[in-house]
There are 2 protein chains.
Amino acid sequence: MSLDPIRQSSLSDQVVERLRTEIVEGRWRVGERIPPEPELIADLGVARGTLREAIRALQYSGMLDVRRGDGTFVTARSEVPGALARSGGSIGDVLEARAAIEPQLARLAAERADDDDIARIAEALEYRSFVTAEPPTRENAAVWAQADAAFHEEVARAAHNPILFEIYAALLPRLRESVESAITRDGFSREDPRGHEEVLEAIRRRDSEAAGASASANLAATERWDHAERAGAASR
Amino acid sequence: MSLDPIRQSSLSDQVVERLRTEIVEGRWRVGERIPPEPELIADLGVARGTLREAIRALQYSGMLDVRRGDGTFVTARSEVPGALARSGGSIGDVLEARAAIEPQLARLAAERADDDDIARIAEALEYRSFVTAEPPTRENAAVWAQADAAFHEEVARAAHNPILFEIYAALLPRLRESVESAITRDGFSREDPRGHEEVLEAIRRRDSEAAGASASANLAATERWDHAERAGAASR
DNA sequence: AGAAATTTGTTCGTATGTATC
DNA sequence: AGATACATACGAACAAATTTC
């Protein structure tokens with residue numbers, strides 16, 4: 001059997017790992033500015049080019065946002081959303097991916113959610129209902145889309161599967177974007193009669209079948225809207 | 001409404017896009033060596049540091065493999081596998097993700113596969129059966145795992161959803177790895193009585209429900225094996 | 001409005017480590 | 001062993017964008 005030769009990792013790769021760790025472990029929070037180049041150079045003891053290569057790697061992966069003359073900011077704690085954003089696909093494609101993943105997440109959440117998970121889901125749902133009560137305007141479209149996404153994200157977290165969570169969380173921004181632009185148009189209905197509550201109640205009852213079924217039903221409504229939307233767009 | 005200021009992209013970002021395009025559009029094929037730094041510098045008209053930053057970005061994303069003293073090689077045509085590889089998770093997590101996505105892919109494939117898709121699936125399945133007929137050894141474990149993955153990849157392609165395809169294709173290497181190491185141990189059964197054939201036949205009949213059901217059934221068998229495997233490992 | 005300070009962007013020169021033949 | 005080709009790393013200098021005073 002032939003073994004791959006061990007290759008010592010380059011300095012700049014090591015710097016990437018160091019910076020990435022700061023972000024993943026939350027010492028540098030999303031939105032915050034990281035220390036400027038001269039400071040990092042001094043701390044890490046590497047040349048400027050070496051550091052810059054590392055920063056570029058994380059920038060391209062979507063974890064950092066580098067603004068010339070201003071600074072470098074943390075934008076995400078994972079590479080997956082950035083990678084998925086580059087892979088194209090329409091809103092319909094995003095919906096189909098959600099249709100695959102969401103019911104499974106709901107089922108797993110019903111099996112594995114602990115009390116903290118359930119409390120977070122309930123809180124997110126409460127806020128979502130609160131926002132839904134307000135009249136839809138362009139200003140609060142982003143707020144509503146965010147509130148909706150937050151609920152789904154908490155369900156996903158409760159499934160306790162890091163891979164599915166990563167994938168699903170990466171899909172959410174793309175969906176949020178489209179919902180936000182569509183929300184003031186046409187017949188987009190923000191309220192689904194108790195569909196989301198049903199998911200939460202099924203999780204509380206540890207009824208994984210019911211949780212999956214409710215999630216599927218909620219998605220079917222959104223897909224109908226997407227089909228109508230696309231048909232309308234074609235005739236415009 | 002406040003608009004985001006337009007920010008002109010840096011030279012090194014433009015270089016990233018140029019290099020990425022060469023890879024994505026297949027002019028630089030996977031496995032090939034890309035031109036050496038001095039040549040790219042001359043062609044693109046940028047400084048060494050600028051080019052190196054771009055190469056590092058693509059290296060970290062998993063599309064390039066840089067070997068000091070040797071050259072830089074193309075390793076993938078997408079960033080998603082590299083990103084997903086960093087997000088942790090166990091084999092069980094990978095299986096659960098597959099369980100979510102695979103049936104949906106089979107359903108979509110039954111709705112959308114064209115003649116070319118079906119021919120490719122049939123070919124992959126034929127090869128898989130051929131390899132399965134050989135006795136399992138450590139040497140051909142990798143070959144079998146690859147043949148199995150190839151079948152699933154062709155089904156995924158036939159679903160004609162770029163996002164789901166990217167996600168699923170990114171999961172395959174992780175699964176292949178574990179199957180490969182487990183294949184000679186314990187009671188891992190490489191043959192499932194006609195399970196994979198059923199998927200193909202359902203796709204041919206355009207029966208999306210049957211395709212999804214067959215895919216689910218196939219996965220359930222693998223999941224039983226994983227549970228047994230984990231129980232065994234715990235008692236060892 | 002303008003000047004200075006801060007921060008990232010880009011270039012060049014040089015020396016060194018590593019793989020291949 | 002030697003030669004060649006290639007990537008790695010450092011350092012210094014100047015350019016350009018942004019913020020701050």
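Lettering follows sequence order; numbering is per chain, from 1.
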Open item on the list: At less than 4.0 Å, is any side-chain N or O atom of B:Arg68 found next to OP1 or OP2 of C:dA19? Yes or no.
Closed with: no
Open item on the list: Closest-nucleotide mapping onto DNA chain C: is B:Gly69 or B:Ser9 further toward the 5' terminus? I mean the 5' end.
Closed with: B:Ser9
TODO: Return yes if a side-chain donor-acceptor contact under 3.5 Å exists between A:Ser78 and A:Glu166, otherwise no.
DONE: yes
- [ ] Starting at atom CD1 of A:Ile34, determine the distance to atom P of C:dT7, rounded to an integer number of angstrom.
- [x] 12 Å
Open item on the list: As a test of reading the structure: which of C:dT10, D:dA9, C:dA19 is closest to the side chain of B:Asp70, going by heavy atoms?
Closed with: C:dA19
Task: B:Gln104 to B:Leu164 - nearest heavy-atom pair and separation - done: CG-CD1, 4.1 Å
TODO: Would you please test A:Ile34 and A:Leu40 for side chain to side chain contact (heavy atoms under 4.5 Å, CB included) and show each step?
DONE: CA-CA 9 Å; A:Ile34 74 173; A:Leu40 290 173; 4.2 Å; yes
Task: Selection from D:dT8, D:dC10, C:dT8 that lies nearest to any side-chain heavy atom of A:Ala47 - done: D:dC10
Open item on the list: What's the closest nucleotide to the side chain of A:Arg56 if the choices are C:dT10, D:dT18, C:dT8?
Closed with: C:dT10
Open item on the list: Testing the 3.5 Å rule here: is there a donor-acceptor pair between the side chains of A:Ser10 and B:Arg56?
Closed with: yes
Open item on the list: It should be established whether B:Thr72 places a side-chain nitrogen or oxygen under 4.0 Å from OP1 or OP2 of nucleotide D:dA7.
Closed with: yes
TODO: Could you tell me the separation between the CZ atom of A:Arg33 and the C1' atom of D:dT18, rounded to a whole number of Å?
DONE: 10 Å
Open item on the list: Taking salt bridge (Lys or Arg N to Asp or Glu O under 4.0 Å) as the criterion, tell me which of B:Arg176, B:Arg98, B:Arg128 meets it with B:Asp148.
Closed with: B:Arg128
- [ ] Report which part of the nucleic acid A:Gly71 touches: base, sugar-phosphate, or nothing (heavy-atom distance under 4.0 Å, all strands).
- [x] sugar-phosphate
Task: Donor-acceptor pair present, A:Arg48 side chain and C:dG9 base, under 3.5 Å - done: yes
Open item on the list: Side-chain N or O of A:Ser12 versus OP1/OP2 of D:dT8: is the shortest distance under 4.0 Å?
Closed with: no
TODO: Return the value, rounded to whole Å, for the distance between atom CG of B:Asp13 and atom P of C:dG9.
DONE: 8 Å
Task: Rounded distance in Å - CD (A:Glu37) to P (D:dA17) - done: 16 Å
Task: Atom-to-atom span, CZ of A:Phe73 to C1' of C:dT7 - whole angstrom - done: 10 Å
TODO: Could you tell me the separation between the CZ atom of B:Arg52 and the P atom of D:dG11, rounded to a whole number of Å?
DONE: 15 Å
- [ ] Specify the separation, in whole Å, of atom CG of B:Leu11 and atom C1' of D:dA17.
- [x] 15 Å
- [ ] Calculate the interatomic distance between A:Arg67 atom CZ and D:dA16 atom C1'; express it in whole Å.
- [x] 17 Å
